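Bear in mind that the values here come from a model prediction, so they are computed numbers and not experimental data.
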Amino acid sequence: MYASRKYLAIAWILVLPALIIRVFTTIYPIIETFRISLYEVKLLQGIREFVGFDNFIQLFQDSKVITSMGFTVIFVAGSMIGHIVLGIALALILNMKFAGQKILRTIVLLPWAMPMVVIAMASKWAFNNDYGLINDFVRWFNPDFNLDWLIHTNTARFAVIAVDLWKDLPFFAILVLAGLQFISAEMYEAAKIDGAGPIRSFISITLPMLSRNILVLSIFFTMWRITSFDIVYAMTSGGPGESTALIAYRVTTEAFTNLNTGYAASIAVVLFLVMALLSWLSMSAAKRVDY
């Protein structure tokens, strides 16, 4: 009994500093962000004035913030639909037995292993009309093709979503592939004996068995999409105009470019509350899905 208490005391001595650091580095920044959001803080003008909820009222009337919110919804929805549909398809391909399977799995993961800033900078060049890789490829089939992808709203948004999908799709697929490994081959053999074809087996066996895995992955990937910043920063700088400025990019612009930290904090608070709500809804849904 004495020895167990001794070990418990040692454990507390070792763990307590980590807990204190965790609280300080997590809870304190959140509280401070909420506090600053109630102030008008403009560093260049030396203004620091308590304004209550004025910042929150202003952001819902700010056309730039509304545009950023709109594109964030489009970005998250488009990217996640692509991740789920293409990710499952890629996982099924990687799960097939063929020569060079391990090599292909390694090659597929290369985009995910690269930093997003590097990929975004390379993509900025790739989508260039005059010397970009994308237009050069299209001109093999249509020599007269000309399109400045990143200077038009719709094509710039499509390019941002496509690059995000290209980078993280392999990681999503590999995680789905891990779920496929746990599905017994005997289930497919029994379904085949009962006359089920590949499509029927996919609908009746694969999807139900992967549903919880895919849902949990979608939760985390959605959270990452909502807080995406680097792809827009390096690829489009929010342009053309403000059409590709994600909400996280808007926070950094207000905080570090305009030095309007109070307003930036209010946007961050709204983003935090939205993510908290989505997390709660997603985890609640995950509990209802059975393997």
Side-chain angles (χ1 to χ4, degrees), residues 72-114 116 119 134 137-138 141 154-155 157-228 231 275 277-291:
T72 301
V73 172
I74 295 172
F75 175 78
V76 172
S79 180
M80 287 313 305
I81 291 173
H83 274 84
I84 294 172
V85 175
L86 299 179
I88 293 174
L90 181 57
L92 292 173
I93 293 174
L94 295 177
N95 195 45
M96 296 177 180
K97 305 297 182 182
F98 55 87
Q101 180 192 58
K102 294 182 179 179
I103 297 176
L104 179 60
R105 290 180 180 180
T106 303
I107 294 174
V108 164
L109 269 178
L110 289 178
W112 172 77
M114 298 175 63
M116 176 57 87
I119 290 178
I134 305 298
F137 176 76
V138 176
F141 308 95
N154 292 335
T155 54
R157 288 180 168 183
F158 170 80
V160 170
I161 295 172
V163 171
D164 175 79
L165 183 61
W166 180 81
K167 185 197 184 300
D168 280 344
L169 176 64
F171 185 52
F172 188 94
I174 290 296
L175 295 177
V176 174
L177 175 63
L180 286 172
Q181 306 298 308
F182 289 94
I183 302 178
S184 174
E186 295 177 357
M187 298 180 66
Y188 291 105
E189 292 175 1
K192 187 175 182 181
I193 293 174
D194 290 339
I199 297 178
R200 183 63 182 175
S201 296
F202 174 75
I203 296 175
S204 301
I205 300 175
T206 307
L207 276 183
M209 296 295 289
L210 287 177
S211 58
R212 188 180 178 87
N213 186 25
I214 293 172
L215 179 58
V216 172
L217 287 177
S218 299
I219 292 171
F220 291 105
F221 273 73
T222 298
M223 297 300 105
W224 294 339
R225 302 280 84 72
I226 292 176
T227 57
S228 292
I231 183 173
M275 290 187 63
L277 176 61
L278 289 177
S279 297
W280 177 76
L281 292 174
S282 299
M283 296 307 295
S284 298
K287 293 179 180 178
R288 298 176 181 272
V289 178
D290 296 323
Y291 286 104

When every non-hydrogen atom of F172 is compared with those of I84, the smallest separation belongs to CE2-CA, 4.0 Å
Is the CG atom of D194 crowded by more than 12 outside heavy atoms at less than 6.0 Å?
-> yes
Give me the ring orientation class for F220 and W224: parallel if the planes are under 30° apart, tilted from 30 to 60°, perpendicular past 60°.
-> tilted
Count the heavy atoms belonging to other residues, nucleotides or ligands that lie under 6.0 Å from CD of E186, then report whether that count exceeds 12.
-> no
Closest approach of G87 and A173, non-hydrogen atoms and distance?
-> O-CB, 3.6 Å
For residues T227 and M275, determine if any side-chain heavy atom of one lies less than 4.5 Å from a side-chain heavy atom of the other.
-> yes
One should read off an interatomic distance between I119 CD1 and W166 CH2, to the nearest 0.5 angstrom, of 5.0 Å
Heavy-atom side-chain contact between I74 and I161 under 4.5 Å | yes
Can you tell me how far CD1 of I219 sits from CG of L278, rounded to the nearest 0.5 angstrom?
-> 10.0 Å
Might you confirm whether atom CG of L277 has over 12 heavy atoms from other residues, nucleotides or ligands at distances under 6.0 Å?
-> yes
Once you round to the nearest 0.5 Å, how far does CG of L180 lie from CG of L94?
-> 9.5 Å
Might you point out which heavy atoms bring M223 and S279 nearest each other, and give the distance in Å?
-> SD-OG, 3.4 Å
One should read off an interatomic distance between I81 CD1 and L86 CG, to the nearest 0.5 angstrom, of 11.0 Å
Shortest non-hydrogen separation from N213 to L175 and the atoms involved | ND2-O, 3.5 Å
Heavy-atom distance under 4.5 Å between the side chains of N95 and Q181, does that happen here?
-> yes
Could you grab the distance from atom CE of M80 to atom CG of L165, nearest 0.5 Å is fine?
-> 9.5 Å
Can you check whether L207 reaches I88 side chain to side chain, under 4.5 Å on heavy atoms?
-> yes
Would a 4.5 Å heavy-atom cut-off, applied to side chains only, mark F75 and R225 as touching?
-> yes
If you draw a 6.0 Å radius around CG in L110, do more than 12 non-hydrogen atoms from other residues or ligands fall strictly inside?
-> yes
Does atom CZ of F158 have more than 12 heavy-atom neighbours from other groups under 6.0 Å away?
-> no
For the pair S201 (side chain) and P198 (backbone), establish whether a donor and an acceptor sit closer than 3.5 Å, ignoring hydrogens and angles.
-> no
Is the H83 ring parallel, tilted or perpendicular to the F221 ring (thresholds 30°, 60°)?
-> tilted
Looking at A91 and L177, what are the two nearest heavy atoms and their distance?
-> O-CD1, 3.7 Å
On a heavy-atom basis, the closest approach of G82 and L169 is O-CD1, 4.2 Å
Give the intermediate values and the outcome of side-chain contact (heavy atoms from CB on, under 4.5 Å) for residues W112 and I174.
-> CA-CA 11 Å; W112 172 77; I174 290 296; over 6 Å; no
Nearest-0.5 Å distance that lies between atom OG1 in T222 and atom CG in L217 = 10.0 Å
